[in-house]
Participant: 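Got a structure here, written out as structure tokens. Questions coming.
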Amino acid sequence: MTPEEVIARLAAPLSLRRRVGYVVLALAGLTGSGLIGLLWATEPGLPPRTQAAFAVLVAIGLAWAGFGGWAVTRRAPLFARDRVVAGWLGLAAWLLFAAGALVITTLRHRVDAGLLVVVVLLGGVAVVHLRTVRRGRAALLRRKEELTRRRQE
């Protein structure tokens, strides 16, 4: 493949398959937020910790919906920026989940070992994923610069 062909592939907008995936992600986020919001609205007298958990889940669902909408509307090539944003969003969702789990278990005066294992594993997955996608984006951008320089020579 010539440098021009590689640059053309790198500069291409999102494929139809990826766009459909982001539309599905946005719809899933909206659906989840809507269903949790409806449940929250129709259940009077929920404990404060349940209301806080519902609020966090609605916020996370809306964030994923917003991300899906953002990714679909990008016309310029993303050079894996969408993956990095998704990685940060996943890490933020994990932090909210971990903070909520810590508050709830602290209020109950007992720490569940199973919950602790799940929280730590999910955090590890989020951190490793973010690190991987950031490295992948950096490699793509380095490759693009290298090919652009080579083409100009």
Side-chain angles (χ1 to χ4, degrees), residues 6-145:
V6 173
I7 290 174
R9 284 191 69 199
L10 287 175
L14 288 175
S15 67
L16 177 62
R17 180 174 155 237
R18 194 168 290 274
R19 283 188 187 279
V20 168
Y22 283 132
V23 167
V24 169
L25 174 71
L27 291 174
L30 282 175
T31 302
S33 292
L35 291 175
I36 291 168
L38 284 172
L39 180 61
W40 188 10
T42 59
E43 291 294 326
L46 290 173
R49 68 176 181 252
T50 305
Q51 291 184 15
F54 279 7
V56 167
L57 290 172
V58 167
I60 289 171
L62 290 175
W64 282 111
F67 167 71
W70 171 82
V72 168
T73 58
R74 297 300 101 192
R75 295 290 177 213
L78 295 175
F79 294 108
R81 183 183 308 146
D82 54 332
R83 295 175 187 179
V84 174
V85 171
W88 280 111
L89 190 56
L91 185 63
W94 171 76
L95 285 171
L96 281 172
F97 170 74
L102 179 66
V103 167
I104 289 171
T105 56
T106 303
L107 291 175
R108 291 174 62 194
H109 302 292
R110 78 181 167 99
V111 176
D112 185 38
L115 178 64
L116 187 61
V117 168
V118 168
V119 168
V120 170
L121 283 175
L122 288 175
V125 168
V127 167
V128 167
H129 176 71
L130 179 60
R131 184 174 178 227
T132 302
V133 296
R134 288 186 69 195
R135 284 184 173 186
R137 176 170 163 74
L140 268 177
L141 292 175
R142 277 194 309 272
R143 181 72 172 143
K144 178 188 170 209
E145 282 298 316

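Along the sequence shown, residues carry numbers from 1.
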Participant: Quick one: pull up CG in Leu102 and CG in Leu116 and give me the separation to the nearest 0.5 Å.
Facilitator: 9.5 Å
Participant: Show me the side-chain donor-acceptor pairs of residues 19-48 shorter than 3.5 Å, one per line, residues at least two apart or across chains.
Facilitator:
residue, atom, partner, partner atom, Å
Arg19, NH1, Val72, O, 2.3
Arg19, NH2, Arg74, O, 3.2
Tyr22, OH, Asp82, OD2, 2.5
Thr31, OG1, Leu27, O, 2.7
Ser33, OG, Gly29, O, 3.0
Ser33, OG, Val58, O, 2.9
Ser33, OG, Leu62, N, 3.0
Thr42, OG1, Leu38, O, 2.9
Thr42, OG1, Leu39, O, 3.3

Participant: Can I get a per-line list of side-chain donor-acceptor pairs under 3.5 Å for residues 123-140, giving both atom names and the distance, sequence neighbours left out?
Facilitator:
residue, atom, partner, partner atom, Å
Thr132, OG1, Val128, O, 2.8
Arg137, NH1, Leu78, O, 3.0
Arg137, NH1, Phe79, O, 2.7

Participant: Can you sort out the partners of Val56 under side-chain contact (heavy atoms from CB on, under 4.5 Å), two or more places apart, ordered by chain and number?
Facilitator: Ile60, Leu96
Participant: Is there a donor-acceptor contact under 3.5 Å from the side chain of Trp70 to the main chain of Ala65?
Facilitator: no
Participant: State which residues pass ring-ring contact (aromatic ring centres under 6.0 Å, His included) with Trp64; sequence neighbours excluded, sorted by chain then number.
Facilitator: Phe67
